[in-house]
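Structure first, commentary second.
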Amino acid sequence: MAAVAWPGRAVDAVTATHVDGVPVIHTEPAESPLSTSVKPVFFKQIVKLLLEDGTEMFGCLHCDFTRTAPLPIRSHLKAHAARYKKGDHPQKSAEMSLTDLLARVAEMDKVTAERDEWKRRAREAERKLASLRQALAP
């Protein structure tokens with residue numbers, strides 16, 4: 001299979017060349033449910049596969065994962081998601097200096113204190129709302 005003609009870009013063909021032993025004869029962009037007759041919308045990482053026996057399947061653009069509908073492919077795409085952006089990996093604590101470690105602990109203490117304050121305020125608001133509901137209930 002050659003490169004797939006994607007609306008506005010060219011993408012290499014998917015890895016799936018066979019589905020359950022049936023060869024893939026055509027790959028095209030998978031249309032999203034957001035499409036309208038005026039403006040078609042296509043998934044960026046999901047393709048529609050036409051098999052030799054005439055059945056249509058959907059496939060992952062990154063690997064040979066295939067299903068009969070696009071929704072399971074969308075769920076599967078999490079397996080390919082980068083956990084961190086390039087160059088944005090957190091530094092391991094074993095590689096940090098003592099000053100950096102203490103700064104990180106201080107920042108964590110600050111965030112924890114802010115969280116605790118917001119949690120206290122949320123619980124107080126929930127109590128007030130419950131008493132209002134009880135007072136207004138018939």
Side-chain angles (χ1 to χ4, degrees):
M1 257 187 292
V4 177
W6 232 260
R9 61 192 170 121
V11 178
D12 291 333
V14 292
T15 309
T17 57
H18 290 75
V19 177
D20 295 330
V22 181
V24 175
I25 58 171
H26 183 69
T27 304
E28 64 184 53
E31 198 167 333
S32 166
L34 301 175
S35 287
T36 64
S37 58
V38 177
K39 183 177 180 186
V41 178
F42 297 93
F43 287 111
K44 292 181 180 178
Q45 302 177 68
I46 301 173
V47 292
K48 188 187 227 180
L49 307 170
L50 178 62
L51 306 183
E52 194 173 61
D53 65 0
T55 57
E56 289 182 348
M57 299 285 286
F58 292 89
C60 174
L61 189 64
H62 308 288
C63 68
D64 61 356
F65 186 83
T66 58
R67 291 293 184 266
T68 57
L71 188 60
I73 307 296
R74 288 188 63 199
S75 299
H76 159 80
L77 288 172
K78 293 175 194 163
H80 300 294
R83 189 168 182 159
Y84 299 103
K85 293 179 184 169
K86 222 175 201 178
D88 195 24
H89 296 280
Q91 192 176 12
K92 294 178 182 166
S93 57
E95 299 169 353
M96 296 174 70
S97 68
L98 182 57
T99 307
D100 291 340
L101 276 172
L102 291 174
R104 185 165 292 177
V105 168
E107 180 66 25
M108 200 165 71
D109 288 343
K110 179 182 170 190
V111 169
T112 302
E114 288 174 1
R115 182 208 58 202
D116 291 346
E117 174 61 18
W118 281 106
K119 190 185 283 188
R120 183 194 64 74
R121 290 177 65 184
R123 286 185 177 147
E124 183 180 336
E126 286 174 346
R127 278 193 300 276
K128 288 179 181 179
L129 182 61
S131 66
L132 279 172
R133 283 185 178 152
Q134 190 175 22
L136 296 174

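- Cation-pi geometry between Arg121 and Trp118 is met: under 6.0 angstrom from the ring centre, within 45 degrees of the axis.
- In this structure, Asp116 places its CG atom where more than 12 heavy-atom neighbours from other residues, nucleotides or ligands lie under 6.0 Å away.
- Here Leu101 sits in one hydrophobic cluster together with Met96; the rule is ILVMFWY side chains under 4.5 Å apart, joined directly or through other members.
- Relative orientation of the His62 and His80 rings is tilted, given thresholds of 30° and 60° on the angle between their planes.
- Applying the side-chain contact (heavy atoms from CB on, under 4.5 Å) rule to Leu34 yields the partners Ser32, Val41; only residues at least two apart in sequence or on another chain are considered.
- No side-chain heavy atom of Val22 sits under 4.5 Å from any side-chain heavy atom of Thr55.
- The CG atom of Leu77 sits 8.0 Å away from atom SG of Cys63, with the distance rounded to the nearest 0.5 Å.
- A search for side chain to side chain donor-acceptor pair (under 3.5 Å) contacts involving Glu31 returns Ser35, not counting sequence neighbours.
- Salt-bridge annotation for Arg120 and Glu117: present, with a side-chain N of the basic residue lying under 4.0 Å from a carboxylate O of the acidic one.
- A distance of 12.5 Å separates CD1 of Ile46 from CZ of Arg67, quoted to the nearest 0.5 Å.
- Annotation: the span from His76 atom NE2 to Ile73 atom CD1 amounts to 6.5 Å, rounded to 0.5 Å.
- In this structure, the separation between CD on Glu56 and CG on Leu51 is 9.0 Å, given to the nearest 0.5 Å.
- Minimum interatomic distance between Val47 and Ala30 (heavy atoms only, all atoms of both residues): C-CB, 3.9 Å.
- Leu71 is linked by a side-chain contact (heavy atoms from CB on, under 4.5 Å) to nothing, counting only residues two or more places apart in sequence or in another chain.
- Arg74 contributes atom CZ, which lies 12.5 Å from atom CZ of Phe58 (distance to the nearest 0.5 angstrom).
- Of all heavy-atom pairs spanning Phe43 and Pro33, the tightest one is CZ-CD, 3.7 Å.
- The shortest distance between side-chain heavy atoms of Thr68 and Met57 falls below 4.5 Å.
- Through direct or relayed side-chain contacts under 4.5 Å between Ile, Leu, Val, Met, Phe, Trp and Tyr, Leu102 connects to Leu98.
- Hydrophobic cluster of Val105: no remaining members, since no ILVMFWY side chain lies below 4.5 Å from it.
- Note: His18 NE2 to Glu52 CD = 8.0 Å, rounded to the nearest 0.5 Å.
- Closest heavy-atom contact between Pro29 and Phe42: CB-CD2, 3.5 Å.
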